[in-house]
Amino acid sequence: MLAIKTIFKYLLGTFLLIQLIQVDYENPPVNKHLEIQAPKEVMDILKRSCYDCHSNEVVLPWYANIAPLSWGMSRHVDLGRKWVNFSIWQTYTDEQKDKKLEELYKSVYRVMPLQGYVALHPKAALTKEDRKLLRDWTGKAPF
Ligand code: HEC
């Protein structure tokens with residue numbers, strides 16, 4: 001019994017200690033002129049399912065600041081924004097936009113939005129119709 005108590009104390013201590021390692025999620029300023037332009041149905045889907053990782057308008061849940069969860073989440077936002085940030089879409093060159101639309105076409109087949117995220121945000125799940133709408137909007141074809 002003593003061993004279990006000791007282990008528990010260490011675990012709790014570690015958990016409390018790692019809370020000191022905070023992450024910075026700050027949303028960069030939003031300039032609506034730079035945002036992606038798309039028909040309303042498309043914008044609605046992007047905002048609902050993609051903006052929490054691919055925009056400067058990330059909305060965080062209460063547990064976003066609890067380590068070690070926070071480390072993974074902020075990494076997703078950082079990485080997500082690096083791949084495509086819909087808030088600064090107009091700053092991409094035509095070539096970049098084209099490439100990102102192609103990736104987007106592929107990503108909405110399966111990988112996006114990330115599964116773990118959908119588990120916690122059921123509303124972000126894409127229906128078959130949503131996927132088709134997004135794919136059609138990119139103007140890309142299957143490869
Ligand atoms: C929970 C966070 C999260 C959400 C929500 C999310 N993404 Fe991503 N996305 C990422 C991360 C992280 C990467 C980088 C993947 C990697 O490095 O493997 C990424 C990569 C991408 C890429 C780059 C190419 C690829 O397939 O890896 C595209 C395109 C993309 N996401 C589109 C979308 C779209 C469209 C949505 C909404 C339908 C969406 N994402 C929702 C986190 C997210």
Side-chain angles (χ1 to χ4, degrees), residues 4-143:
I4 291 174
K5 255 195 201 159
T6 311
I7 290 169
F8 183 73
K9 263 191 219 154
Y10 274 111
L11 281 179
L12 185 70
T14 308
F15 177 76
L16 290 176
L17 258 181
I18 65 174
Q19 301 312 316
L20 294 175
I21 308 172
Q22 286 289 331
V23 294
D24 178 12
Y25 284 107
E26 202 153 343
N27 270 316
V30 177
N31 178 347
K32 284 284 166 195
H33 296 296
L34 301 181
E35 193 178 29
I36 192 163
Q37 311 253 330
K40 186 173 181 307
E41 318 87 84
V42 172
M43 286 309 290
D44 285 349
I45 301 176
L46 293 180
K47 290 202 168 161
R48 174 167 53 87
S49 302
C50 318
Y51 264 46
D52 271 353
C53 300
H54 293 289
S55 85
N56 293 341
E57 295 181 65
V58 172
V59 179
L60 296 164
W62 62 267
Y63 48 79
N65 284 308
I66 299 175
L69 213 71
S70 54
W71 305 342
M73 286 176 56
S74 63
R75 208 179 122 70
H76 278 161
V77 175
D78 281 349
L79 260 176
R81 277 190 190 137
K82 254 185 214 137
W83 274 96
V84 54
N85 184 340
F86 295 117
S87 297
I88 58 162
W89 183 261
Q90 310 300 347
T91 65
Y92 298 142
T93 63
D94 287 348
E95 213 173 313
Q96 284 173 319
K97 285 179 189 163
D98 194 61
K99 190 157 173 288
K100 285 177 201 295
L101 285 177
E102 207 157 277
E103 282 165 357
L104 198 148
Y105 183 100
K106 289 187 232 169
S107 74
V108 295
Y109 263 114
R110 206 157 290 271
V111 293
M112 288 290 140
L114 296 182
Q115 258 178 13
Y117 175 77
V118 175
L120 295 165
H121 301 80
K123 271 197 229 137
L126 296 179
T127 64
K128 234 176 127 186
E129 293 74 39
D130 292 342
R131 289 177 200 277
K132 180 167 183 330
L133 211 140
L134 284 179
R135 284 205 300 271
D136 288 351
W137 164 73
T138 63
K140 302 290 170 194
F143 302 89

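As the structure lists them, so they are numbered: ligands from 1, and atoms in each ligand from 1.
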A student checking ligand 1 against L126 at a 4.0 Å heavy-atom cut-off should list atoms 38 (C)

Is the closest protein non-hydrogen atom to atom 18 (O) of ligand 1 under 4.0 Å? no

Heavy-atom contact under 4.0 Å between D52 and ligand 1? no

Under 4.0 Å from atom 34 (C) of ligand 1, is there at least one protein heavy atom? yes

If we number the atoms of ligand 1 from 1 as shown, the ones under 4.0 Å from a heavy atom of V108 are 35 (C)

Heteroatom test (N, O or S) for H54 near atom 8 (Fe) of ligand 1, limit 2.8 Å: yes

Which atoms from ligand 1 have a heavy atom of P113 less than 4.0 Å away? 5 (C), 6 (C), 38 (C), 41 (C)

Could you tell me whether the side chain of R81 and the main chain of C53 form a donor-acceptor pair under 3.5 Å? no

So does K106 pair up with E102, basic N to acidic O under 4.0 Å? no

Check against side-chain contact (heavy atoms from CB on, under 4.5 Å), Y25 and L60: CA-CA 9 Å; Y25 284 107; L60 296 164; 3.5 Å; yes

Atom 22 (C) of ligand 1 [closest protein heavy-atom partner, distance rounded to 0.1 Å]: W83 CB, 4.1 Å

Carboxylate-amine/guanidinium contact K132 D136, below 4.0 Å: yes

Any idea which protein heavy atom is nearest atom 20 (C) of ligand 1, and the distance to it? M112 CE, 3.5 Å

Assess S107: does it contribute an N, O or S atom lying under 2.8 Å from atom 8 (Fe) of ligand 1? no

Above 12 or not: heavy atoms from other molecules or residues under 6.0 Å from OH of Y63? yes

Does H76 have a heavy atom less than 4.0 Å from any atom of ligand 1? yes

Compare all side-chain heavy atoms of L126 with those of V108 and state whether any distance is below 4.5 angstrom. yes

Between the candidates S49, C50, A125, which shows the shortest non-hydrogen contact distance to atom 38 (C) of ligand 1? C50

protein heavy-atom neighbour closest to atom 3 (C) of ligand 1 works out as C53 SG, 2.6 Å

How about P113 and H121: do any of their side-chain heavy atoms sit closer than 4.5 Å? no

Using a distance threshold of 4.0 Å (strictly less than), state whether atom 27 (O) of ligand 1 has a protein heavy-atom neighbour. no

Test your reading of the model: is there a side-chain donor-acceptor pair from E35 to the backbone of W89, 3.5 Å cut-off? no

Hey, are K32 and E57 close enough for a salt bridge, meaning a charged N less than 4.0 Å from a carboxylate O? yes

Y117 heavy atoms within 4.0 Å reach ligand 1 at atoms 1 (C), 5 (C)

